[in-house]
Participant: 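Handing you this structure, nothing more for now.
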Amino acid sequence: ARRRRRRRARDPHGEVRGDSLELVFEGGKLRRLIARGSARSTYSRALPAGDEEVMRLSGRTLTVELEDGTARQVVVEGGAESEYFPGSSREESGALRNLAHADRMRVLMSAGQAERVVLEGQAQGEYFYRRAVPDSAGAAADSVEAAAGIPDSVAVAAGVPDSLAAPAGVPDSLVQSIRYQADRIDYLVERNEILLDQHAELFHENLHLTAGHVRFFAGDRTLLATDS
């Protein structure tokens, strides 16, 4: 059988692949790159600590909007998925990675890395973090703490699906995850906040929270839920 060769394009911060690539020029400059068929991209940014943070995207169609040869926005449509790996500075706070998928995803970029990810249509995700080792008093340092004003719709969810596999290099016993879904999800990467808008749901261990809106502060695993 003949092997199908996938097309690939690169810039200083990452690459885009797909079964076909379309390049759109305006005024003699490349303005848009469209990958179709098993479209994927990987963008990374070097960090002062010497490592890097990485954002991977995939879907049926992936459109990269460029300015001066640098990606400014990426739109993923059709089974859109993202996978974000933070650098060591965030790993110190326990963050390991964030997975998300939706019908459509829009990623705003700066210097080759995502600043904001907006998910629409069957939007959901899972935030993995490293559990702190309990102190001598037996209290875990990073349990999810709900802020005042959480609605009465907090309930125990039976049969919540298991989390995805633990990230490499971290023992399963130390990995926990918080799953979330909503009509629209806005992930503010630099602030490490996840905003759930309309029909928001959040799952952590045996806790099931429902609300109109949820602001999840991923760095310290706290949240604010409201109905308005």
Side-chain angles (χ1 to χ4, degrees), residues 3-91 95-127 180 182-197 218:
R3 184 178 178 182
R4 188 174 185 178
R5 186 175 181 181
R6 304 186 69 204
R7 305 299 189 261
R8 178 181 301 183
R10 295 179 176 176
D11 69 17
H13 300 290
E15 68 173 24
V16 176
R17 293 173 288 164
D19 293 339
S20 68
L21 292 181
E22 177 183 351
L23 280 65
V24 179
F25 290 84
E26 296 177 2
K29 294 184 178 182
L30 179 61
R31 297 297 188 185
R32 192 174 301 111
L33 174 63
I34 305 171
R36 295 186 175 91
S38 301
R40 297 179 181 275
S41 71
T42 301
Y43 283 92
S44 61
R45 176 167 57 186
L47 299 173
D51 61 347
E52 62 182 12
E53 58 181 353
V54 179
M55 172 70 78
R56 296 173 181 164
L57 303 169
S58 64
R60 285 196 295 271
T61 302
L62 190 151
T63 303
V64 183
E65 303 284 348
L66 298 112
E67 183 178 321
D68 297 326
T70 301
R72 295 300 184 189
Q73 176 174 273
V74 181
V75 176
V76 189
E77 297 179 287
E81 297 184 357
S82 70
E83 186 173 20
Y84 172 68
F85 295 88
S88 59
S89 60
R90 286 206 178 127
E91 289 179 354
L96 296 174
R97 66 176 174 175
N98 188 69
L99 308 178
H101 56 92
D103 293 337
R104 185 177 189 272
M105 189 176 299
R106 183 166 55 94
V107 184
L108 304 181
M109 309 281 289
S110 177
Q113 187 54 40
E115 288 191 329
R116 180 182 178 190
V117 183
V118 179
L119 301 90
E120 297 175 311
Q122 302 185 67
Q124 53 188 294
E126 186 164 14
Y127 175 82
Y180 51 89
D183 291 350
R184 184 179 187 273
I185 296 174
D186 198 340
Y187 179 30
L188 307 178
V189 179
E190 288 299 313
R191 291 163 56 177
N192 206 15
E193 293 181 18
I194 300 173
L195 312 179
L196 311 180
D197 189 27

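FYI, side chains are in, hydrogens and waters are out, and symmetry mates aren't considered; it's all heavy atoms of this structure.
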Participant: Kindly give the heavy-atom pair with the smallest separation between A71 and Y43, and that separation in Å.
Facilitator: CB-OH, 3.7 Å
Participant: Any side-chain heavy atom of L33 within less than 4.5 Å of one from E22?
Facilitator: no
Participant: I'd like to know whether V189 forms a side-chain contact (heavy atoms from CB on, under 4.5 Å) with R116, so could you lay out the CA-CA distance, the side-chain angles of the two residues, the decisive distance to 0.1 Å, and finally the verdict.
Facilitator: CA-CA 6 Å; V189 179; R116 180 182 178 190; 5.9 Å; no
Participant: Output yes when a side-chain donor or acceptor of Y127 lies under 3.5 Å from a complementary backbone atom of A218, and no otherwise.
Facilitator: yes
Participant: Starting at CG of L195, measure out to OH of Y187 and round the result to the nearest 0.5 Å.
Facilitator: 11.5 Å
Participant: Can you name the nearest heavy-atom pair linking A100 to L119, along with the distance?
Facilitator: CB-CD2, 3.5 Å
Participant: Check E77 with R60, please: is the shortest side-chain N to carboxylate O separation under 4.0 Å?
Facilitator: no
Participant: Quick check: closest heavy atoms across S58 and V76, and the distance to 0.1 Å?
Facilitator: O-CG1, 3.2 Å
Participant: What's the verdict on side-chain hydrogen bond (donor to acceptor under 3.5 Å, both in side chains) for Y84 and E53, showing C-alpha distance, side-chain angles and the deciding distance?
Facilitator: CA-CA 8 Å; Y84 172 68; E53 58 181 353; 2.5 Å; yes
Participant: Kindly give the heavy-atom pair with the smallest separation between A39 and A35, and that separation in Å.
Facilitator: CB-O, 3.6 Å
Participant: Can you spot which of R40, R10, R56 makes a salt bridge (charged side-chain N to carboxylate O under 4.0 Å, His left out) with E15?
Facilitator: R10
Participant: Quick one: pull up CG in L30 and CG in D68 and give me the separation to the nearest 0.5 Å.
Facilitator: 11.5 Å
Participant: Given the rule in the side-chain contact (heavy atoms from CB on, under 4.5 Å) test, do T42 and V54 qualify, once you have shown the distances and angles that lead to the verdict?
Facilitator: CA-CA 7 Å; T42 301; V54 179; 3.9 Å; yes
Participant: Report yes if some heavy atom in the side chain of Q124 is under 4.5 Å from a heavy atom in the side chain of H101; otherwise report no.
Facilitator: yes
Participant: Determine, stepwise, if the pair S82 / M55 fulfils side-chain contact (heavy atoms from CB on, under 4.5 Å).
Facilitator: CA-CA 7 Å; S82 70; M55 172 70 78; 4.1 Å; yes
Participant: Closer than 4.0 angstrom, basic N to acidic O: yes or no for D19 and R7?
Facilitator: no
Participant: Quick check: are there more than 12 heavy atoms from other residues, nucleotides or ligands sitting under 6.0 Å from CD of Q122?
Facilitator: no
Participant: Take V16 and L62, measure what side-chain contact (heavy atoms from CB on, under 4.5 Å) needs, and give me the verdict at the end.
Facilitator: CA-CA 8 Å; V16 176; L62 190 151; 4.0 Å; yes
Participant: Taking the basic N atoms (NZ, or NE/NH1/NH2) and the acidic carboxylate oxygens, is any pair closer than 4.0 Å for R31 and E65?
Facilitator: no
Participant: Any side-chain heavy-atom pair from R97 and E83 closer than 4.5 angstrom?
Facilitator: yes
Participant: For the CG atom of D197 and the CD1 atom of I185, what is their distance to the nearest 0.5 Å?
Facilitator: 10.0 Å
Participant: Rounded at 0.5 Å granularity, tell me how far CZ in R36 sits from OG in S20.
Facilitator: 6.0 Å
Participant: Provide the closest heavy-atom pair for E126 versus Y180 in the form atom of the first, atom of the second, distance.
Facilitator: N-CE2, 3.6 Å
Participant: Any chance you could measure L23, atom CG, to I34, atom CD1, to the nearest 0.5 Å?
Facilitator: 9.0 Å
Participant: How far apart are the closest heavy atoms of G18 and L21, and which atoms are they?
Facilitator: N-CD2, 4.3 Å
Participant: Salt bridge or not for E120 and R104, using N-O below 4.0 Å?
Facilitator: yes
